[in-house]
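Everything quoted here is computed from the prediction, not taken from an experiment. Here is the naming used below: chain letters follow the sequence lines, and residue numbers restart at 1 for every chain.
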Amino acid sequence: MPELPEVETIRQNLRRGGATLPSILGWNVESAQVLWARSLVMPGVDEFKRRLIGQQVVDIGRRGKFLIVELSKDALLIHLHMSGDLVVEENREPVATHCRVAIEFENGQRLAFIDARKFGRLWLTAEKETILSDLGPEPLDDAFQAQDLYRRLHAHRRRLKPLLLDQTFLAGLGNIYADEALNLARLHPLMLSNQVSAADAERLWRAIRAVIEEGIQRNGASIDWVYRGGEFQNYFRVYQRTGQPCRECGEAIQRIVIGQRSAHFCPNCQRL
DNA sequence: ACGAGCGCCTGTCGGC
DNA sequence: TGCCGACAGGCGCTCG
C-alpha cells in the first residue's frame, strides 16, 4: 500500500492517532524482533536491536514514500514498497504471519511491520539525509511550482509515465496516482517530457496536487488484500478501470504496458 | 540519457 | 478440483 497519500495517512495516524492507528509519540522502545533480516538495509540485526532500546519516539515525518520515525538518537526510515503495512497491537498477541519486524515499547504495545512480499525496507540511522538526498521535490511543497515542473520536464526527453514514477524526478507518485494525474491533465502517458507546453505543465502540476490531495483526504486507496482503511479506490478515473467508460467522455479506458508497468488512460481525452 | 530485462517475494484470480 | 500463467500500489541493478 505505498504511495504518498497512503504513507501520509499512516504518518498522520501514528502522529495524532486515528481510525486505524494510535499515536505512538512519546513511547519508549523496550526491545525489537527481526523475523526477516533482509527487511533491514542498515544496520545489521544485532546492532539494530541494541541501538533501538531506550530510544523514544519524538515525531513522525514523511519524505516521498518514506515514513520517518524520529527517535531520540536516530531516525527509523520505513519504505513499504509493494505490500508493506504497519500495525500497532499488544505485545502479548502472537505476531502476524507476515510480520517481518516488531518494535516493542515499555507500555506493552508494539509497532509491527507487516509485509507479505518482503520488498519493504527499514533503515536505522543518524544520517537520514544520506538515504533521502536523491529524492525529487515534494509535490505538495509550496516551493514546488508549475514552472519548476515545466523546467524539470524539459531537462529530460522521457515518456511522461515512467518519468513521473522516477522518485528522483518527483517524490511520492506511484502507479495509481501517476495514471490518475495524467488523465486529469489530459496528457498521454507516452508523450515525451520535452514536448509539453507551459500550459500542459501547469495542468499536470495542478492534477498531481489534486489527485494526491484527494487521496490523502480519502485516507488513501485500498485494493485487494493488501491495505484497508482508505476510500480513494472508489473514485479512480482510470486506474484498473480497463474497458470501463471514461467518466468524462464514455470512451473505453485502455491499458497498455510502459516500462513493464501497466498504464491506464482514456484514448479520447489523452491523445498523443 | 534512456529504456529493456531481470531480480526480489508472496498471494490472488481467471482460464482451462 | 488442481494446475499455471498473469498480475500486483516499488525499486535497484546491469547492459546496450
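With respect to A/E138 and A/R62, a salt bridge is recorded, a charged nitrogen being found less than 4.0 Å from a carboxylate O. Classification of A/E248 and A/R186 as a salt-bridged pair fails, no side-chain N sitting under 4.0 Å from a carboxylate O.
Between A/H156 and the phosphate of B/dA1, there is no side-chain N or O to OP1/OP2 separation shorter than 4.0 Å. Of the side-chain N and O atoms in A/K65, one or more sit less than 4.0 angstrom from OP1 or OP2 of C/dG10. Phosphate contact (OP1/OP2 of C/dA8, side-chain N/O of A/R255, threshold under 4.0 Å): present.
Taking a 4.0 Å limit (strictly below) on heavy-atom distances, residues 257-266 of chain A reaches DNA chain C at A/R261, A/S262. Residues from residues 163-191 of chain A lying near DNA chain C, meaning a heavy-atom separation below 4.0 Å, are A/Q167, A/G174, A/N175, A/I176 in numerical order.
In plain terms, the two heavy atoms of A/E6 and A/Y177 that are nearest each other are OE2-OH, 2.8 Å. Nearest heavy-atom pair, A/R241 versus A/P245, reported as atom, atom and distance to 0.1 Å: NH2-O, 2.8 Å. Here the closest heavy-atom approach between residue A/L14 and residue A/L111 is recorded as CD2-CD1, 4.2 Å. For the pair A/A252 and A/P267, the tightest heavy-atom approach, listed with the atom from each and the gap, is O-CD, 3.4 Å.
Nucleic acid contact class of A/S222 (heavy atoms, under 4.0 Å, all strands): base.
Ring geometry, A/H154 versus A/Y150: the interplanar angle falls from 30° to 60°, so the pair is classed tilted.
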> Does the pair A/E104 and A/Q33 meet the rule for a side chain to side chain donor-acceptor pair (under 3.5 Å), with working shown?
Replying inline: CA-CA 8 Å; A/E104 294 144 346; A/Q33 295 182 58; 2.6 Å; yes

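Listed by chain and residue number, A/H79, A/W123 satisfy the ring pair (Phe, Tyr, Trp, His ring centres under 6.0 Å) test with A/F66 (two or more places apart in sequence, or in another chain). By the ring pair (Phe, Tyr, Trp, His ring centres under 6.0 Å) test, A/H98 pairs with no residue at all, sequence neighbours left out.
Checked by atom type, the side-chain pair A/R237/A/N183 shows a donor-acceptor distance below 3.5 Å. Defined by atom type and a distance below 3.5 Å, a donor-acceptor pair is present between the side-chain atoms of A/N234 and A/E231.
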>> For a quick check, with a 4.0 angstrom heavy-atom cut-off, what is the B/S/- contact string for nucleotides 8-15 of chain B, read 5' to 3'?
In response: BBBSS---

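For A/E3 against C/dG9, a side-chain-to-base donor-acceptor contact under 3.5 Å is absent.
The closest donor-acceptor contact from the side chain of A/Q56 to the backbone of A/N28 lies at 3.5 Å or more, if one exists at all.
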> Where each pair must be Watson-Crick or G-U wobble with both distances under 3.5 Å, what dot-bracket representation of DNA chain C is obtained, with crossing pairs in [ ] and other-strand partners as |?
Replying inline: .|||||||.|||||||

